[in-house]
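Each chain gets a letter, A, B and so on, in the order the sequences are listed, and its residues count up from 1. This is a predicted model, so every value here is computed, not measured.
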Amino acid sequence: MFSAAAESFLRQAREAQPEELQRFAARVAAQLQGPEPGPEAAACLQRLHLVVAASKYPRRLDGEIVGLLQKVLCSSKCPEQIQLLCAAILREMSPCIDLSLSCDNIQDTKLLSLVSSVLLAQGDKKAEVAAVGQRIVKVLEGRLPEGQSSRYLLPVLSNVISLSPEALTEEQTNVVSKKMADWLRYASIQQGVAQPSGGFFSNPRTRQPGPVTEVDGAIATDFFTVLSLGQYYTEDQWLNMQAFSMLRKWLLCYGGKGLNAPNSGNRSEMDESVMSMVSTTSTSSHLLPPKERLREKAFEYCQRLIEQSNRQALKKADGDLQKACLIEAVTIMDIICKQDSSYVYRAAAFLKVLHSRISGDATYARALLPIAQFFLNHGEMAAVDSDAIYKHLLTDIPAQLFHNASLAFEFVLFCKENSQLFTETSSIFRQSFPNLFKFLAWNSPPLISEFVDLLPFLLDAGTAIEIFHLLLDLPCLTAALDVQMRSTSASERASCDPAVKPATCLEAFRHPLYKSAFQYLLRIESAPEDPPERLIPLRQLLGSLASSPRVVQCADTVPVLLELFFSVVAEFADGPLINQLVVLLLQRSDQLYEIPAFKDDVHRVLSSQLVMLCKLHPALIVELSKELLEFSGTVSNIQNKEAVFTHVVWAIGEYMSVSYDKRCTVEQINRFFETLEAVLFEVTQVRPLASIPSYAPRAITVLMTALTKLAARSQDLIPRVSLFLSKMRTFLQSPAVTSVYCEEDREEILTRATELLNLLKMPSVAQFVFTPSVDVARSRFQKEVNDTLPSALRIVTRLLEPAPGFVPG
Amino acid sequence: MVRAFLLLALGGPGPGPAPCRVLLARAFAPPGTPPGTPPGSPPRQRLRRKEQLLAVARQVASHCHLHQASSGRPPAPPLPEDPPSLHNAPGGLFRLAPGDPFPQGTSVAWLAAPSLAFALVCDPPENLALAEGTLRHLAPRLLAALRPPGTGVLLRPDAADLLLDRLLPHGQLLFLSERFLQAVDRELSR
């Protein structure tokens, strides 16, 4: 829709020169000063607006034209369109330095609203907000002239109190509270009349308007609310609608003890005053102070709205409004109860009934969140057992409605608001975390940043392992949810013959071979004892969905979450947990969902986190020597998981030492040496008359370095390494190798081999370099690249020891 | 409160040739600064406001593209003449972290039309269900009022303001039933 014409307009507007602009502004001024500014003046103002708005850098307009715009804005003779354009230009230029606009003398409420919009955009340097607030309240207090309506004023007031709650005095807030209580409770329940169109032939007989109706067409049974329908609306009915629209903000700001900002809804001050007796009856409500009286009327309004939401709306827009009203009503009740705890019993009973009414209706699911929040805030006081409410919320809703993006968003925000509940180990909140991840799996882009905030609360020693698996399988979960959705909407149940292997994912969903795996993946509660190996065949089956856009979007979120996972776990993990994680890390590195970019990213994260875990708990090299030997001895790992392999080998070279663990014996060092030597041998073999596979040069250099390090600690091995290293030149110069590895890589490998050889000629130096005392290793000389070499030796052998994160060359 | 309303042209997905453009922006609150820093000179405040809105627009465009990509369907071609029916138009919610770009965290409700998007930037206590509903009422009326497509949006801020003053006055979300909306439409057509 944004055509080339529009693009060029925008560019012209941006490129207009200041002199051009001044000339044009003068022309506009001339038009405006004429007797009756007409369509031509409007067109000029529109263009002027575009020029001012199109650039983010200031457009200087003459003080004269700015003054003229203000004058025209306030003149009652001008057509509305001209006034709107003047206001738009002034707002666009805000904050203006030379604004002399004031709302003090304006009687027309519509104009007052328009002028206020300009004043409120000035940034409150000259207390414009307070001035506007004062004026609005003054007009509301007084009697309005004929034909004027208050309804243009309430939104201005709402804006004022959002910007600056202190703008109104307590007396003024009492005045407005009193009026709001009346507007909310005592609006007419008769429909309005059409404005008479006048004219000679119009029918002077005015038809009696009927009563307003409910959303399902029935005659209204009680006082007027936003869910009351009429053909035409009276002034007080408009005010009713607007008063309710700003009610939450007003109560947050002025409903509690003392002044609050509209955003601080979490203050739970108990009002222990005498008012607790008075609120239970409404007959004496006219004796209540304004604040308390408004509270009472607001509560009644919310109760009525909740009852009205039980009706079947005839129009879809009204149905949507019912749901929004329900959410608002429950939230306002929550606020009222925070401000006056005597309302809690009434509210709790009422909301429990509401909950049982809507808990089975998926279209009302969003309203379950404020209800749950109410019981979290007040359930204890009301002595209500609300566990069933939380259970339903956390187990049923995510499982059934994960695909509802708005619900997902609000649900996760709810979890963040109540994050401390997730830290309690045995609570239903904590137990349901697999369900929560369904939201993320399906709606990744909007929810990833929220989960980054939420994840630390879900992690502790008891859940770490399960969450680790869950994160790695998150894209699988997306695929499984997709299958589940298609399965529930499939019209016929696919016949599943247990003997026949399923051909599609949809068939597999009910097939006995895969059913329990699906159920495990789609579980609603934490199940730490179940072995995740049963997902292996399912992962393969779901491979057909690996390229679906939603799955790919989910896969993109996993590396971020993994890094976060490890950084949180590092804070509390002990030795056994770290060992467990490393073993799983090695296992899972080839049990990943088959999305190539995903696997690479996950390997990259896992390998750098492996290094972090080794730093935290260096003894794991010794404690997990069996697993590490197996992993590092498998040559195919260099191809499949180069990053992980390289880092494992590096870690072995770095931490396999007595200085990190007294249990490190010479036998162990020798065992590792032999394993790594065999791998390096395999990798650097030149078979005559056969092409050699190419291995990552980084893997070769890391192997050489690790072997050298081990030899430095068990010096019998030095001759073997030296021999090996000296053969590298021959290897690198053979024709089979030159065709597979590029020159830079070969040079790098050769340089490294030579450096290592030189170092081994000075065994004691090598030993010191490669096995510093632990204090030196942790000293401030150690840079992030793990350069353990004291600077003096660097001069001697130019031995730089980059961390395996660097690609050579 | 609702801090801002935006109408933007989506441009192309990713860092491609066509960036998103803000066609219409209405801010209901001054830009705000991190606590402790002075507001700055008026041109700087204005610049900050424009940049904040542009930052929001970029995020909205990015979420629109991602949402459209995840649905797996090809993008709907822009309908040239009639305002498209937006009943089933895609929409969503996302959060902007504190400081990025507003000092406190905000939630954004967006609604996508072919090659365009509408967005409301809401402070935390706003009713997001109502915000989404308001967008669905506002969008088709705006598209109808701002003809011809393209230049109409740029050159008719008065038509847009007329609508915004009724459906989102001073950034106040209104609980409008179908009948109230009809009443508003009647007033506007007079």
Side-chain angles (χ1 to χ4, degrees), chain A residues 1-3 5-6 9-10 46-47 49-50 56-58 81 84-85 88 94-97 117 121 123 155-156 158-159 162-163 226-227 229-230 232-233 241-242 244-246 248 252 262-263 265 315 317-318 320-321 323-325 327-328 366 405-406 409-410 445-446 449-450 548-550 553, chain B residues 1 9 21 23 27-30 39 42-43 45-47 50-51 54 63 66-67 69-72 78 92-95 97 104 114-116 123-125 127-130 132-133 137 149-151 153-158 161-162 165 169-181 183:
Chain A
M1 201 171 152
F2 194 60
S3 58
F9 252 58
L10 210 49
Q46 286 171 338
R47 278 187 152 63
H49 176 268
L50 181 59
K56 58 186 183 183
Y57 298 107
Q81 188 190 23
L84 282 172
L85 285 166
S94 296
C96 304
I97 318 173
S117 73
V156 186
S158 177
N159 200 339
S162 298
L163 295 176
V226 294
L227 288 176
L229 305 182
Y232 299 93
Y233 289 102
M241 179 270 292
Q242 289 193 323
F244 178 67
S245 300
M246 66 183 268
R248 188 205 291 212
L252 281 173
N263 295 346
K315 290 272 166 71
D318 292 340
D320 294 340
L321 185 67
K323 291 156 181 88
C325 283
I327 293 173
E328 189 80 0
R366 266 169 104 168
S406 305
F409 180 79
E410 294 203 288
S449 53
E450 311 313 311
S548 121
R550 206 178 280 276
Q553 281 182 357
Chain B
M1 63 180 302
R21 285 204 192 285
L23 300 178
F28 300 107
Q45 285 185 52
R46 179 171 181 272
L47 179 62
K50 300 289 256 186
E51 304 236 282
L54 190 57
H63 277 272
L66 284 169
H67 186 274
S70 74
S71 70
L93 297 166
F94 63 90
R95 231 174 111 70
Q104 73 275 46
S115 72
L116 283 181
D123 275 348
N127 186 323
L128 293 175
L130 187 63
E132 292 182 296
H137 295 318
T151 54
V153 174
L154 295 173
L155 282 178
R156 307 205 47 212
D158 48 306
D161 280 344
L162 213 54
D165 282 347
H170 291 267
Q172 173 73 59
L173 292 171
L174 294 175
F175 286 86
L176 292 171
S177 62
E178 181 77 27
R179 293 291 181 83
F180 262 116
L181 280 169

Can you see which heavy atom on A:P549 is nearest to which on B:A69, and at what distance? CB-O, 3.1 Å

Shorter than 4.5 Å, heavy atoms on both sides: which option in A:A405, A:S158, A:G230 has the most such pairs with chain B? A:G230

Please tell me if the side chains of A:S117 and B:H170 come closer than 4.5 Å, counting only heavy atoms from C-beta onward. yes

Where B:Q172 and A:P155 come nearest, the two heavy atoms and their spacing: CB-CB, 4.2 Å

So which atom in B:E132 and which in A:S406 form the shortest heavy-atom distance, rounded to 0.1 Å? OE2-OG, 2.7 Å

Greatest number of non-hydrogen atom pairs under 4.5 angstrom with chain A, of B:N127, B:L176, B:L130, falls to B:N127

Side chain A:Q553, main chain B:L66, donor-acceptor under 3.5 Å: yes

Do the side chains of A:Y57 and B:K50 get nearer than 4.5 Å, heavy atoms only? no

What residue, out of A:F9, A:F244, A:F409, has the most heavy-atom pairs lying under 4.5 Å from chain B? A:F409

Between B:A97, B:P43, B:P169, B:G133, which has the largest tally of heavy atom pairs under 4.5 Å with chain A? B:P169

Below 4.5 Å, heavy-atom pairs only: which of B:Q45, B:R95, B:H137, B:R156 has the largest tally toward chain A? B:R95

Is B:L93 close to chain A through its backbone or its side chain, or both, or neither, when contacts mean heavy atoms under 4.5 Å? both

Where does the angle between the aromatic ring planes of A:Y233 and B:F180 fall among parallel (under 30°), tilted (30 to 60°) and perpendicular (over 60°)? parallel

Identify which of B:A129, B:A27, B:A29 forms the greatest number of heavy-atom pairs closer than 4.5 Å to chain A. B:A129

So, do B:S177 and A:L227 sit near enough that their side-chain heavy atoms are less than 4.5 Å apart? no

Identify which of A:A88, A:S94, A:A121 forms the greatest number of heavy-atom pairs closer than 4.5 Å to chain B. A:S94

Just so I know, are the side chains of B:R46 and A:P95 near enough to count as touching, which here means a heavy-atom distance under 4.5 Å? yes

Any idea which heavy atoms bring B:E178 and A:A317 closest together, and the distance? OE1-CB, 3.0 Å

Report yes or no: do B:D158 and A:Q46 form a side-chain donor-acceptor pair below 3.5 Å? yes

For residues B:F175 and A:S245, report the shortest heavy-atom separation together with the two atoms involved. N-OG, 3.2 Å

Test item: B:L128 and A:R366 side chains (from C-beta on) under 4.5 Å apart, heavy atoms: yes

Under 4.5 Å from any heavy atom of chain B, what part of A:K56 do you find: side chain, backbone, both or neither? both

Grab the two heavy atoms, one from A:L163 and one from B:F28, that are nearest each other, plus how far apart they are. CD2-O, 4.5 Å

Heavy-atom pairs under 4.5 Å with chain A: which of B:P30, B:P157, B:S71 has the most? B:P157

